[in-house]
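Labels below follow one simple rule: chain letters A, B, ... track the order of the sequence lines, proteins then strands, and each chain is numbered from 1. None of the values given here were measured: they were computed from a predicted structure.
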2 protein chains.
Amino acid sequence: MIVETTINETLRKNQLSVTDSRKKILELFLQTQGALAHSDVEKQTGTLFDRVTIYRTLQTFVEKGIIHTIPTADNSVKYALCIDECTEGHHHDNHVHFVCDECNTTFCLTHVQIPSVKLPGGFTGKQTDVIISGICSRCGNQ
Amino acid sequence: MIVETTINETLRKNQLSVTDSRKKILELFLQTQGALAHSDVEKQTGTLFDRVTIYRTLQTFVEKGIIHTIPTADNSVKYALCIDECTEGHHHDNHVHFVCDECNTTFCLTHVQIPSVKLPGGFTGKQTDVIISGICSRCGNQ
DNA sequence: TACAGCTTTGCAACTTTGTTGCAAAATAAA
DNA sequence: TTTATTTTGCAACAAAGTTGCAAAGCTGTA
């Protein structure tokens with residue numbers, strides 16, 4: 001169980017009103033190891049909140065830098081907490097994400113170094129996202 | 001202008017019937033430097049084909065390995081030709097894509113080496129996608 | 001070239017996903 | 001407690017994607 005104080009503090013720090021939906025959705029992310037899609041949040045909160053509220057809450061969290069979006073090869077958008085306090089300047093610039101082919105969980109690998117890529121002439125890179133798919137530690141060790 | 005023979009051959013090689021929509025959509029990809037979203041194809045072909053036909057054609061092309069999907073940070077799916085004959089085993093395993101923040105074009109950088117990433121213990125990577133955003137050569141040189 | 005068999009297309013209807021405006025409810029500050 | 005501001009839920013809508021099925025189009029063979 002996550003201490004409610006932590007959740008409230010996080011919201012206050014980000015100048016957000018403390019509301020039921022925000023508390024519950026933030027708690028969900030804190031409890032979840034992997035990333036969540038909008039539909040996941042919707043399923044896990046049942047009929048507690050309106051669909052629109054969930055959209056707006058996720059959007060707000062992204063704007064405040066509490067969560068970030070993850071690129072996926074299919075059309076789904078996924079969100080994940082930035083676990084490290086890399087949040088300093090609210091720049092979630094470089095990320096490595098791991099999607100398990102078996103259980104379909106998305107991991108945000110914060111402790112992995114982003115490799116630098118040589119770009120062709122004239123191209124200037126700002127942000128690099130790496131998505132690796134394969135088998136995660138849980139599914140591999142069975 | 002792309003030779004029609006090339007298009008027909010590509011379709012035949014992949015055991016696909018040669019139809020107007022397939023010819024036209026494949027031609028579009030051959031003419032386009034960047035990647036295309038479903039909506040781009042729709043706009044560029046006008047009322048020539050039904051929306052459903054475009055969906056199905058893109059899906060077929062992906063299955064046959066003629067094009068591949070590109071992960072994006074927003075929710076849009078993009079498709080691009082695999083230009084190199086890396087198609088040998090129909091395994092489009094590793095890709096570097098570049099999205100220009102300015103003109104929003106997506107480039108499939110086939111000649112860029114994919115860096116290897118050290119994964120945490122227990123994780124086994126199979127496919128790596130790298131998405132770099134920034135300024136492309138066209139927009140930078142102006 | 002014509003025909004039979006198979007594949008593809010277009011239509012209609014539907015589901016899912018995401019957005020916007022606005023009044024009511026909840027929260028924050030005084 | 002009261003007031004000002006923020007957030008929520010509803011309704012209505014727009015966009016994106018899917019499915020079944022009959023009609024039309026392709027392919028191979030004669």
Bend of the helix from C:dT1-D:dA30 to C:dA30-D:dT1 from end-axis comparison, five pairs per end, nearest 10°, comes to 40°
For A:Phe123, the ring-ring contact (aromatic ring centres under 6.0 Å, His included) test, sequence neighbours excluded, returns B:Phe98, B:Phe107
Distance-only donor-acceptor hits, side chain of residues 51-60 of chain A, under 3.5 Å, sequence neighbours excluded:
| from | atom 1 | to | atom 2 | distance (Å) |
| --- | --- | --- | --- | --- |
| A:Thr57 | OG1 | A:Thr53 | O | 2.7 |
| A:Thr60 | OG1 | A:Arg56 | O | 2.7 |

Atom CZ of A:Arg22 and atom P of D:dG9 are separated, to the nearest Å, by 11 Å
Rounded to whole Å, CZ of B:Phe61 lies from P of C:dT8 at a distance of 11 Å
Side chain to side chain contact (heavy atoms under 4.5 Å, CB included) filter on B:Val62, not counting sequence neighbours, yields B:Ile67, B:Thr69, B:Tyr79
Mind listing the N/O atom pairs, protein and nucleotides 23-30 of chain C, below 3.5 Å?
| from | atom 1 | to | atom 2 | distance (Å) |
| --- | --- | --- | --- | --- |
| C:dA28 | OP1 | A:Val18 | N | 3.0 |

- Are the side chains of B:Lys78 and B:His97 in touch, meaning some heavy atoms are under 4.5 Å apart? no
Note, A:Leu16 side chain near A:Ile66 side chain (heavy atom, < 4.5 Å):
yes
In whole angstroms, the gap separating C1' of C:dG18 from CD of A:Glu42 amounts to 11 Å
Under a 4.0 Å heavy-atom cutoff, the residues of residues 48-58 of chain B touching DNA chain D are B:Arg51, B:Val52, B:Tyr55, B:Arg56
### Task
Tell me what A:Ser39 touches on the nucleic acid: a base, only sugar-phosphate, or nothing, going by heavy atoms under 4.0 Å.
nothing
Whole-Å distance, A:Gln59 CD to D:dT7 P, equals 12 Å
Atom CG of A:Leu26 and atom P of D:dT7 are separated, to the nearest Å, by 15 Å
Rounded to whole Å, NZ of B:Lys23 lies from C1' of C:dT8 at a distance of 14 Å
